[in-house]
Amino acid sequence: MLWAGFLFGLLGSFHCVGMCGAIALALPGQNNPVGWRYVRGRVLYNLGRVTTYTLLGALAGLAGQSLRLAGWQQGLSIASGLLILLLVAVPERYTGRAAEVLGLSRVLAAVKNRLVYYFQQPTARALYTTGLLNGLLPCGMVYLALAGAISAPGVPGAMLYMALFGLGTVPLMLALSLTGRLVPLQWRARLRAAVPVGATLMAALFILRGLGLGIPYVSPALSQPATAITTTVAAQPLTVHQCR
């Protein structure tokens, strides 16, 4: 299901245009919107976001690994789907307060202060760092992606999942920062309204995959755990053949 990360990114990019589009449009260097340096700065900004999402994926991978060790291997995909549904159902004004609930208000304030600082420096390093910090801002779509990354195979898989999510957001966000008014405001609202529908479909795919219904590519049959196979073999009566 790693490909779901990229689809989440493509879908979420419309949400990003509405939530973070102002930052992308206000990046330093707008007075000279021509030339390779201008394009490079916008690319570095987006690569910064992808870097942060990838690092956050490592945390999601560690959480998923802990759940596997606790015996949640079979239900991990189902749990990810249910978590995505929960995040979809909760109003965005509440998911945006996640930092406060987790006691990260001071960290978030520091991130915003550093963003203001780097916005005053139109250097390549500053633009990349702006992207890094932007990836730490509260975002419901990132939370949805992290919920899916928990069921990815291990820490590397979760990091790859979130990297693909970030790359999925790049085309539209990069085009927005380069061209300005790429998507009319009216269409942005409509596209954002479609995000919960797409997220719900993704959640359904995660749940179906976890159920192991034997549907190829969608819900493949779950393999029999190795412990169960060992127990079955051990329980079979042994036949002793004597040589005569």
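Atoms considered below: every heavy atom in the structure, side chains included; atoms not considered: hydrogens, waters and symmetry mates.
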- Who are the ring pair (Phe, Tyr, Trp, His ring centres under 6.0 Å) partners of F8, not counting sequence neighbours?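 Ring pair (Phe, Tyr, Trp, His ring centres under 6.0 Å) list for F8, sorted by chain: empty.
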- Item | Over-ring placement of R125 relative to Y128, 6.0 Å and 45° cut-offs |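 Not flagged: R125 not positioned over aromatic ring of Y128.
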- Among all residues two or more places apart in sequence or in another chain, which pass the side-chain contact (heavy atoms from CB on, under 4.5 Å) test with A204?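 Partners of A204 under the side-chain contact (heavy atoms from CB on, under 4.5 Å) test: none.
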Taking C-beta and beyond as the side chain, do [X] and [Y] meet within less than 4.5 Å on heavy atoms?
X: L86; Y: L82; answer: no
X: V170; Y: R49; answer: yes
X: N134; Y: V111; answer: no
X: L137; Y: K112; answer: yes
X: M173; Y: R42; answer: no
X: T52; Y: L133; answer: no
X: I23; Y: Y45; answer: yes

Inter-residue atom distance [X].[atom1] - [Y].[atom2], 0.5 Å rounding:
X: L136; Y: L132; atom1: CG; atom2: CG; value: 8.0 Å
X: S151; Y: I207; atom1: OG; atom2: CD1; value: 11.0 Å
X: L144; Y: F165; atom1: CG; atom2: CZ; value: 8.0 Å

- Task: Could you work out the complete set of other residues in the hydrophobic cluster of M159, with links drawn between I, L, V, M, F, W and Y side chains under 4.5 Å apart?
- Result: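 Its cluster partners, ordered by chain and number, are L62, V155.
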Nearest heavy atoms of [X] and [Y], plus distance in Å:
X: A149; Y: A158; result: O-CB, 3.5 Å
X: L127; Y: G41; result: CD1-CA, 3.3 Å
X: Y53; Y: V142; result: CE2-CG2, 3.7 Å
X: Y161; Y: A152; result: CB-CB, 4.4 Å
X: T130; Y: F119; result: CG2-CE1, 3.8 Å
X: T169; Y: G9; result: CG2-O, 3.4 Å

- Message: Which residue is it: L178, L27, V43? I am looking for the one with a side chain to side chain contact (heavy atoms under 4.5 Å, CB included) to Y38.
- Response: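 Checked L178, L27, V43 against Y38; only one passes side chain to side chain contact (heavy atoms under 4.5 Å, CB included): L178.
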- Query: When clusters are formed by joining ILVMFWY residues with side-chain heavy atoms under 4.5 Å apart, either directly or through shared neighbours, do L44 and L55 land in the same one?
  - Reply: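 Each belongs to a different hydrophobic cluster.
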